[in-house]
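Since the structure comes first, as structure tokens, the remarks are kept for the end.
Residue numbers begin at 1 in each chain, while the letters A, B, ... track the order of the sequences. Side chains are part of it too, since the values below use all heavy atoms of this structure and drop only hydrogens, waters and symmetry mates. If you're wondering where the values come from, they're calculated on a predicted model, not measured in any experiment.
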Number of protein chains: 2
Amino acid sequence: MGAMGKAGTRGAEVGAVAVTRPDQILDIAARQFRTKGYAAVSMRDIATEAGMRTPSLYYHFPSKDDLVMAVMDRGITVVRAAVMAALEDLPAEATVAVRLETAMRAHLHALHGASDYTSANVRIFGQLPEALRRANMPERRAYQAIWSRLLAPTCTALPEALPARVALVIGALNATLEWVDPARIALEPLAEQVTSVLLRGVLSEVAA
Amino acid sequence: MGAMGKAGTRGAEVGAVAVTRPDQILDIAARQFRTKGYAAVSMRDIATEAGMRTPSLYYHFPSKDDLVMAVMDRGITVVRAAVMAALEDLPAEATVAVRLETAMRAHLHALHGASDYTSANVRIFGQLPEALRRANMPERRAYQAIWSRLLAPTCTALPEALPARVALVIGALNATLEWVDPARIALEPLAEQVTSVLLRGVLSEVAA
DNA sequence: GTCTATAGGGAGATAGAC
DNA sequence: GTCTATCTCCCTATAGAC
């Protein structure tokens with residue numbers, strides 16, 4: 001971990017190891033939220049795994065709400081960055097189908113393994129009090145905008161159906177977290193399945 | 001409340017009004033779980049809406065776990081009955097595509113309005129402690145078996161992909177609950193969207 | 001930055017009267 | 001069947017010493 005700027009530099013980028021204390025705590029919180037759900041994780045649980053007592057957490061985060069919101073927002077930031085990076089690696093002439101499959105695979109990869117933040121977000125979003133859910137909506141809408149642009153060419157005949165289509169695709173990708181028992185279905189066959197079915201379903205009006 | 005058989009007669013069938021006290025309580029619990037989530041609903045909340053004090057609930061249900069499991073199991077029972085009934089109303093010659101669309105619409109209908117039990121099940125399943133989730137799995141597997149049979153003809157080229165396909169379809173249908181803001185997307189356009197995309201995606205190897 | 005001690009509240013659940 | 005009263009536990013969060 002070399003020279004780091006001072007303004008806005010965070011220790012935990014995608015795939016990097018957390019270096020600041022708040023980032024270590026967030027990593028722990030994200031992993032616990034991902035596996036146990038929101039209500040089942042207490043400040044005490046997080047503190048214990050971080051090797052400290054509960055009140056020490058409040059030096060780093062003013063409340064559990066603040067802590068969970070930091071996890072939630074980063075969860076979307078991370079998957080958005082991953083999807084955008086994957087898209088930018090494509091040649092400019094890439095077809096709609098290729099761009100869609102690339103985005104789907106990047107999203108699935110973030111969800112299943114690459115980011116505890118993203119999986120925590122998807123897993124606990126529905127468990128949060130309404131105020132916290134609303135606080136995460138700006139991030140979510142910014143991410144949905146990417147999919148809106150990706151899917152718009154598949155929806156030219158009925159443009160008003162685009163929001164539903166965006167919700168369907170993201171929802172189907174996210175649903176793999178909840179309905180897939182990792183012990184029974186491996187990730188790669190699932191990714192094949194999901195991308196091929198969704199692509200075929202969505203591409204009917206687009207030339208390959 | 002008129003004459004009731006003694007063995008196994010329940011007041012709350014699909015679309016019927018609850019007549020027994022336990023069923024009234026379950027109706028209330030299902031609706032609260034559906035809207036507020038699992039941890040956010042206390043025994044006191046349920047008791048209050050039922051017009052009683054907390055301890056009185058324990059006369060009807062020995063614990064919160066028992067109560068929530070009754071809601072969970074009925075949630076699957078109800079949607080399974082609805083889907084099977086819809087399929088049985090079809091002519092025997094109905095195509096795979098028609099049978100699939102019928103099942104999808106019946107599932108979406110149970111989820112969005114017809115049954116607080118089914119929507120509560122889908123909404124809170126991921127919020128339950130692992131033991132309770134496991135307790136609901138037999139019901140869920142029985143329901144998945146219906147979809148396994150429905151989807152098997154779409155999967156003849158790669159039969160080992162069938163479990164993933166079942167998970168994908170059910171997951172995509174269920175995801176409409178979480179990602180769809182009813183204020184922004186109406187149910188019928190969504191149902192159109194979901195059934196058409198999923199059908200096209202799934203039917204590539206089947207003759208219409 | 002981390003600690004001990006504790007406040008203050010709400011949860012699930014039980015005892016026992018009526 | 002429903003009540004009042006209460007137990008016990010665990011949660012978030014604060015006060016203040018070190």
Side-chain angles (χ1 to χ4, degrees), chain A residues 6 9-12 18-33 35-72 120 124 127-133 135, chain B residues 1 4 6 9-12 18-33 35-72 120 124 127-133 135:
Chain A
K6 35 193 165 194
T9 302
R10 312 306 303 256
V19 288
T20 71
R21 202 78 169 104
D23 278 334
Q24 291 171 1
I25 292 168
L26 285 180
D27 282 2
I28 290 165
R31 188 156 28 79
Q32 293 202 12
F33 285 136
T35 52
K36 298 196 284 185
Y38 171 65
V41 174
S42 66
M43 294 295 268
R44 190 168 190 242
D45 294 329
I46 298 168
T48 299
E49 193 178 331
M52 58 176 67
R53 306 288 186 163
T54 314
S56 308
L57 271 188
Y58 288 85
Y59 174 82
H60 301 284
F61 297 92
S63 71
K64 188 183 181 183
D65 285 359
D66 284 85
L67 202 164
V68 75
M69 280 312 302
V71 170
M72 292 297 285
I124 74 178
Q127 309 181 20
L128 299 180
E130 218 248 327
L132 296 185
R133 251 179 292 160
Chain B
M1 25 193 122
M4 300 197 345
K6 35 197 161 180
T9 303
R10 312 307 301 256
V19 288
T20 73
R21 202 81 170 101
D23 278 333
Q24 290 170 3
I25 292 168
L26 285 180
D27 283 2
I28 291 164
R31 188 156 28 81
Q32 293 202 12
F33 284 136
T35 53
K36 297 197 284 186
Y38 171 64
V41 174
S42 66
M43 293 296 269
R44 189 165 191 249
D45 294 330
I46 298 167
T48 299
E49 193 179 331
M52 58 176 67
R53 307 285 187 167
T54 313
S56 307
L57 271 188
Y58 288 85
Y59 173 81
H60 301 284
F61 296 92
S63 71
K64 187 183 183 183
D65 284 0
D66 285 85
L67 201 163
V68 75
M69 281 311 303
V71 170
M72 293 297 287
I124 73 178
Q127 309 180 20
L128 299 181
E130 218 247 329
L132 297 185
R133 250 178 293 162

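- Rounded to an integer number of Å, the gap from A:Ile25 CD1 to C:dG1 P is 10 Å.
- Terminal axes of the helix from C:dG1-D:dC18 to C:dC18-D:dG1 (five pairs each, C1' rotation axis) are separated by 0°, to the nearest 10°.
- Between B:Arg31 and B:Ile28, some side-chain heavy-atom pair lies under the 4.5 Å cut-off.
- Put simply, CE on B:Met43 is 15 Å from C1' on C:dG10, counting in whole angstrom units.
- Looking at heavy atoms from C-beta onward, B:Phe61 lies out of side-chain contact with B:Met69 at the 4.5 angstrom threshold.
- Of the residues near DNA chain D, A:Ala40 and B:Met52, the one whose nearest nucleotide (by heavy atom distance) lies more toward the 5' end is B:Met52.
- Regarding B:Met69, its CE atom lies at a distance of 18 Å from the C1' atom of C:dG12, rounded to whole Å.
- To the nearest angstrom, C1' of D:dT2 lies 16 Å from CZ of B:Phe61.
- Rounded to an integer number of Å, the gap from CG of B:Asp66 to P of C:dG12 is 14 Å.
- Taking the side chain of A:Pro55 as heavy atoms from C-beta on, and the options C:dC3, C:dT2, D:dT2, the nearest nucleotide is C:dC3.
- In this structure a side-chain-to-backbone donor-acceptor pair under 3.5 Å is missing from B:Arg44 to B:Thr54.
- The shortest distance between side-chain heavy atoms of A:Met43 and A:Tyr58 falls below 4.5 Å.
- Here the side chains of B:Gln32 and B:Asp45 are in contact, with some heavy-atom distance below 4.5 Å.
- Nearest nucleotide to the side chain of B:Lys64, out of C:dA13, D:dT12, D:dT2: C:dA13.
- Atom CD1 in A:Ile46 sits about 14 Å away from atom C1' in D:dA13, given to the nearest Å.
- Side-chain N/O atoms of B:Arg53 include none lying less than 4.0 angstrom from OP1 or OP2 on D:dG1.
- The line from NE2 of A:His60 to CG of A:Asp23 is 11.5 Å long, rounded to the nearest 0.5 Å.
- Atom pair B:His60:NE2 and D:dC3:P shows a separation of 9 Å (rounding to whole Å applied).
- Nearest nucleotide to the side chain of A:Tyr59, out of D:dT2, C:dG1, D:dA13: C:dG1.
- When heavy atoms are screened at a 4.0 angstrom cut-off, B:Thr54 is found touching no nucleic acid atom at all.
- Between A:Ser56 and the phosphate of C:dC3, there is a side-chain N or O to OP1/OP2 separation shorter than 4.0 Å.
- Of the listed nucleotides (C:dG12, D:dT12, C:dT2), D:dT12 has the atom at the smallest distance from the side chain of A:Ser42.
- Heavy-atom minimum distance, A:Ile124 versus A:Tyr38: CG2-N, 3.6 Å.
- An OP1 or OP2 oxygen of D:dA13 is reached within less than 4.0 angstrom by a side-chain nitrogen or oxygen of A:Tyr58.
- Not one side-chain nitrogen or oxygen of A:Arg44 sits closer than 4.0 Å to the OP1 or OP2 atom of D:dT12.
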